[in-house]
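Order of the sequence lines fixes the chain letters, A, B, ..., with proteins taken first and strands second; residue numbering starts at 1 for each chain.
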Amino acid sequence: MSAFRPDRRGNGGTGKIAPPTQRTIWRRRTMLIRIDEASGHAGAEIEIRGWLYHKRSSGSIHFLLVRDGSGVMQAVVAKQDVSPSIFTAAAELTQESSLIVRGVVRVDPRAPGGHELTVRDLQIVGLAKPYPITPKEHGVEFLMDHRHLWLRSRRQHALMRIRAEVIRAATEFLDRNGYLRMDAPILTPASVEGTTTLFETPYFDLGKAYLTQSGQLYNEAAASAFGRVYCLGPTFRAEKSKTRRHLTEFWMLEPEAAFMELDEYMEFAEAMVCAVVTQVLERRRADLQVLERDLARLEAVRAPFPRLSYDEALSRLLAAGKPLPWGEDLGGDEETVISAAFERPVFVHHYPARCKAFYMQPERDRPDVVLSADLLAPEGYGEIIGGGQRIHDLPLLEQRLQEHHLPERVYQWYLDLRRYGAVPHSGFGLGIERSVAWIAGIEHIREASMKRRTQMAERSMQTT
RNA sequence: UCCGCGGUAGCUCAAUGGUAGAGCGUCCGGCUGUUAACCGGAGGGUUGUAGGUUCGAAUCCUACCCGCGGAGCCA
């Protein structure tokens, strides 16, 4: 089946593929390249290693769409140009078979992308069985069951590249601003906030450990050590959520800064979100276009974002005919009503204390509200940031622990942060998947995650 | 946990009480510039499961299983 002569490969005739040690490898006249580099090699003989994305054939010519993870390129196998064995091999190729092709890069307006490969040599590495994901449409359930294969599609490539860019842009922004990455533990001895249901796991013979729901408390310790810190990692909420914006396992980016108060926090979070959106627009524009994202909506994301107090939000809800009693938390519908009024993300600050976690700093002259601020993404995507200023006063924090019936013994180390050089400080959590879903303009958060975890995704848990 | 919708060929769907079908994928044949290629042919089914009504059930009834969407929780 192989049309390759192993002796030409310079690998001792083993037929094995030498692992690339650098991005570009020279081997005699043929250069191994990635498809996204192909336009710079017009006229040159090159080698591409990848998978068959799609094929169209007629009697004497095959058009192979080859993908290698960096892009998709058309490879043309003409009967007159290759040996009969190579032409037969091209005819046998099935969708998603892995292959190595060599040939000359040619500019041709008829080719998707403007250039193509005229094949001289072709090796089938692994002939694929009939591939379940065909070029026609499929339902979400079927695609989610085949998530491990769905990742090969163009749309998923675009999404995963945007996700990587969101994380890169955000962490680069934090690094530039003097924040130290200091990741918090995943296994924790108790609840961070005392409210959400946690996943538990046996911890040797010492009882139970819990999967973290937030790195925040640890971040506060780190912020008192280094001034400005952030953590990035998976977080877990054992809630039986069943909505387009919830996962039981998701990634969260959490900055925390000493001496930072509420207004400064909002300015900083705003700058970070703007930096992320700008960088995705710059570097992943083609991917956004694959997803048919309305770029004008993203280009409108500029500082300053509107800032709405909780009280003002209630007035707007009343005016919109959706009144909410004071003290109730904003639900998905309420968030949508508020964010729909603006083309930029909007902060809602000064929530009622009873809606928020025990550690939120109360407003000086009005203790029934706290110095919190959530950022709601536009277009109905909802909350992508939650955060605020933390309590730095020791007696007040002790009082709050009692009010929330939290075991003070477990929080002694947290109280220490108030005993030894307490300062006003603030921080927030940015939901990675929610941010990606908003920026990419996708319907459901699950596609922003490699393998979604939700309560109902049990079938996928049984296998992967 | 609650509310709503659904389960028919590998996939997407049709068939509303009377012989279970189409498109795509697969297999075979044809085609030298295809763009979700096209043309001809073939194969493919315990209609989610169990029971009931009926001369006759994919279709009506009951129970269960599974999935999807939404609420609550929050990033």
S.K.: Can you tell me which nucleotide in B:A75, B:G33, B:C73 comes closest to the side chain of A:Arg110?
M.R.: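 Among the listed nucleotides, the one closest to the side chain of A:Arg110 is B:G33.
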S.K.: Report the distance from atom CE of A:Met144 to atom C1' of B:C66, rounded to the nearest whole Å.
M.R.: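 To the nearest whole Å, that distance equals 17 Å.
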S.K.: Between A:Glu220 and A:His425, is a side-chain hydrogen bond (donor to acceptor under 3.5 Å, both in side chains) present by the stated rule, with each step listed?
M.R.: CA-CA 8 Å; A:Glu220 289 186 55; A:His425 60 288; 2.6 Å; yes
S.K.: Counting runs of three or more consecutive pairs, Watson-Crick or G-U wobble, with each distance below 3.5 Å, where are the stems of RNA chain B?
M.R.: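 So far as stems of 3 or more pairs are concerned, RNA chain B shows B:1-7 with B:65-71, B:10-13 with B:21-24, B:26-30 with B:38-42, B:48-52 with B:60-64.
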S.K.: Of the options B:C27, B:A75, B:U32, whose atoms approach the side-chain atoms of A:Met252 most closely?
M.R.: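 Looking only at heavy atoms from C-beta outward on A:Met252, the closest nucleotide is B:A75.
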S.K.: How close or far is atom C1' of B:C74 from atom CZ of A:Arg237, stated in whole angstroms?
M.R.: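 Computing the A:Arg237:CZ to B:C74:C1' distance gives 6 Å.
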S.K.: Figure out the CD/P separation between A:Glu383 and B:G72, and round it to whole Å.
M.R.: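 Rounded to the whole Å, the gap is 12 Å.
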S.K.: Quick test of the criterion, 5.5 Å between centres and less than 30° between planes. Is A:Phe250 stacked on B:A75 or not?
M.R.: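 It does: the two rings, one from A:Phe250 and one from B:A75, meet the stacking criterion.
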S.K.: Closest approach to the side chain of A:His444, judged atom by atom: which nucleotide of B:G33, B:A36, B:G70 is it?
M.R.: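 Side chain of A:His444 sits closest to B:G70.
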S.K.: So which nucleotide from B:A71, B:G33, B:U34 ends up closest to the side chain of A:Pro112?
M.R.: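 It is B:U34.
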S.K.: Using a 4.0 Å heavy-atom cut-off, does A:Gly331 contact any base of the nucleic acid, only the sugar-phosphate backbone, or nothing at all?
M.R.: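 Sugar-phosphate: the residue A:Gly331, judged by heavy atoms under 4.0 Å, touches backbone atoms but no base.
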S.K.: Base, sugar-phosphate, or nothing: which does A:Gln80 touch, judged by heavy atoms less than 4.0 Å apart?
M.R.: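 Base, at least one base atom sits under 4.0 Å.
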S.K.: Can you check whether A:Arg452 has a side-chain N or O nearer than 4.0 Å to OP1 or OP2 of B:C68?
M.R.: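 So the side chain of A:Arg452 is within the cut-off, an N or O lying under 4.0 Å from OP1 or OP2 of B:C68.
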S.K.: Hey, does the side chain of A:His138 come within less than 4.0 Å of B:G25's phosphate (OP1/OP2), counting only N and O?
M.R.: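 No, A:His138 has no side-chain N/O under 4.0 Å of OP1/OP2 on B:G25.
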S.K.: Do A:Tyr179 and A:Phe268 have ring centres separated by under 6.0 Å?
M.R.: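 A:Tyr179 vs A:Phe268: aromatic centres under 6.0 Å.
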S.K.: Can you identify which nucleotide, out of B:C74, B:U12, B:C24, has its nearest atom closest to the A:Phe142 side chain?
M.R.: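 That would be B:U12.
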S.K.: Base, sugar-phosphate alone, or nothing: which one does A:His62 contact when heavy atoms must sit under 4.0 Å apart?
M.R.: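 A:His62: no heavy atom of the nucleic acid under 4.0 Å.
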S.K.: Enumerate the side-chain hydrogen bond (donor to acceptor under 3.5 Å, both in side chains) contacts for residues 52-65 of chain A, please, sequence neighbours excluded, ordered by first and then second residue.
M.R.: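 For residues 52-65 of chain A: A:Ser57-A:His62.
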S.K.: Can you tell me if A:Arg244 touches the phosphate of B:G70, counting only side-chain N or O atoms and a distance under 4.0 Å to OP1 or OP2?
M.R.: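 For B:G70, OP1 or OP2 has a side-chain N or O of A:Arg244 closer than 4.0 Å.
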S.K.: Does atom CD of A:Glu403 have more than 12 heavy-atom neighbours from other groups under 6.0 Å away?
M.R.: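 More than 12 heavy atoms, drawn from other residues, nucleotides or ligands, come within 6.0 Å of this atom.
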S.K.: Base, sugar-phosphate alone, or nothing: which one does A:Glu433 contact when heavy atoms must sit under 4.0 Å apart?
M.R.: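 The residue A:Glu433 makes no contact with any strand.
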S.K.: OP1 or OP2 of B:G69 sitting under 4.0 Å from any side-chain N/O of A:Arg446?
M.R.: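 True: A:Arg446 side-chain N/O within range (under 4.0 Å) of B:G69 OP1/OP2.
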S.K.: Check this for me: does any side-chain nitrogen of one of A:Lys322 and A:Glu334 sit under 4.0 Å from a carboxylate oxygen of the other?
M.R.: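 Salt bridge: no.
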S.K.: Taking the minimum atom-to-atom distance to the side chain of A:Arg56, which one of B:G33, B:U26, B:A36 wins?
M.R.: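 In terms of side-chain proximity for A:Arg56, the closest of B:G33, B:U26, B:A36 is B:A36.
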S.K.: Would you kindly give the CG-to-C1' distance between A:Asp329 and B:A71, to the nearest whole Å?
M.R.: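 One finds 14 Å between C1' of B:A71 and CG of A:Asp329, rounded.
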S.K.: Quick test of your reading of the model: are A:Arg181 and A:Glu256 salt-bridged, counting only N-O distances below 4.0 Å?
M.R.: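 No, no charged N to carboxylate O under 4.0 Å.
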S.K.: Centroid-to-centroid, A:Phe358 to A:Tyr411, below 6.0 Å?
M.R.: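 Between A:Phe358 and A:Tyr411, the centre distance is under 6.0 Å.
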S.K.: How about A:Tyr265 and A:Phe428: are their ring centres within less than 6.0 Å of each other?
M.R.: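 Centroid distance A:Tyr265-A:Phe428: below 6.0 Å, so yes.
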S.K.: A quick test of your reading: do over 12 heavy atoms of other residues, nucleotides or ligands sit less than 6.0 Å from CZ of A:Arg154?
M.R.: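 Check fails, neighbour count at 12 or below.
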S.K.: For B:C13 versus B:G56, give the span between their C1' atoms, rounded off to a whole number of Å.
M.R.: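 Result for the C1' pair: 26 Å, nearest Å.
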S.K.: In whole Å, I'd like the distance from the CG atom of A:Asp145 to the P atom of B:C66.
M.R.: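 Rounding to the nearest Å, CG of A:Asp145 and P of B:C66 are 14 Å apart.
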S.K.: Please tell me if A:Ser60 has a side-chain N or O lying less than 4.0 Å from either OP1 or OP2 of B:U32.
M.R.: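 The answer is yes; a side-chain N or O of A:Ser60 sits under 4.0 Å from OP1 or OP2.
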S.K.: Want to settle it: does A:Lys55 or A:Gly431 sit nearer the 5' end of RNA chain B, counting the closest nucleotide to each?
M.R.: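 Whichever sits nearer the 5' end wins; that is A:Lys55.
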S.K.: If you go through the side-chain atoms of A:Glu116, does one of them form a donor-acceptor pair with the base of B:G33 closer than 3.5 Å?
M.R.: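 Such a pair is found, so the answer is yes.
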S.K.: May I have the distance from A:Tyr230 (atom OH) to B:A75 (atom C1'), rounded to whole angstrom?
M.R.: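 Spelled out: OH on A:Tyr230 to C1' on B:A75 is 18 Å.
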S.K.: How far, in whole Å, is B:G45 from B:G40 if one measures between their C1' atoms?
M.R.: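 Comparing C1' positions in B:G40 and B:G45 gives a spacing of 25 Å.
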S.K.: Write down the distance between NE2 (A:His54) and P (B:A36), rounded to a whole number of angstrom.
M.R.: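 To the nearest whole Å, that distance equals 8 Å.
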S.K.: So which one's nearest nucleotide on RNA chain B is more toward 5', A:Asp374 or A:Tyr131?
M.R.: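 Final value for this comparison: A:Tyr131.
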S.K.: May I ask you to say what A:Ser435 touches in the nucleic acid, namely base, sugar-phosphate or nothing, with a heavy-atom cut-off under 4.0 Å?
M.R.: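 No contact.
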S.K.: Using a heavy-atom cut-off of 4.0 Å across all strands, would you classify A:Ile385 as base, sugar-phosphate, or nothing?
M.R.: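 Sugar-phosphate contact only.
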S.K.: For A:Arg302, I'd like to know if atom CZ has over 12 heavy atoms of other residues, nucleotides or ligands within 6.0 Å.
M.R.: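 For A:Arg302, atom CZ is not crowded (no more than 12 foreign heavy atoms under 6.0 Å).
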S.K.: Considering only the C1' atoms, how many Å lie between B:A36 and B:U16, rounded to the nearest integer?
M.R.: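 Result for the C1' pair: 33 Å, nearest Å.
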S.K.: Over how many whole Å does the gap from A:Leu430 atom CG to B:A75 atom P extend?
M.R.: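 In whole Å, B:A75 P lies 11 Å from A:Leu430 CG.
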S.K.: The side chain of A:Asp333 lies closest to which of these nucleotides: B:A75, B:G33, B:A71?
M.R.: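 Looking only at side-chain atoms, A:Asp333 lies closest to B:A71.
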S.K.: When the P atoms of B:U49 and B:C38 are considered, how many whole Å apart are they?
M.R.: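 About 35 Å, rounded to a whole number of Å.
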S.K.: Choose from B:G33, B:C74, B:G70 the nucleotide whose nearest atom is closest to any side-chain atom of A:Glu335.
M.R.: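 The listed nucleotide nearest to A:Glu335's side chain is B:C74.
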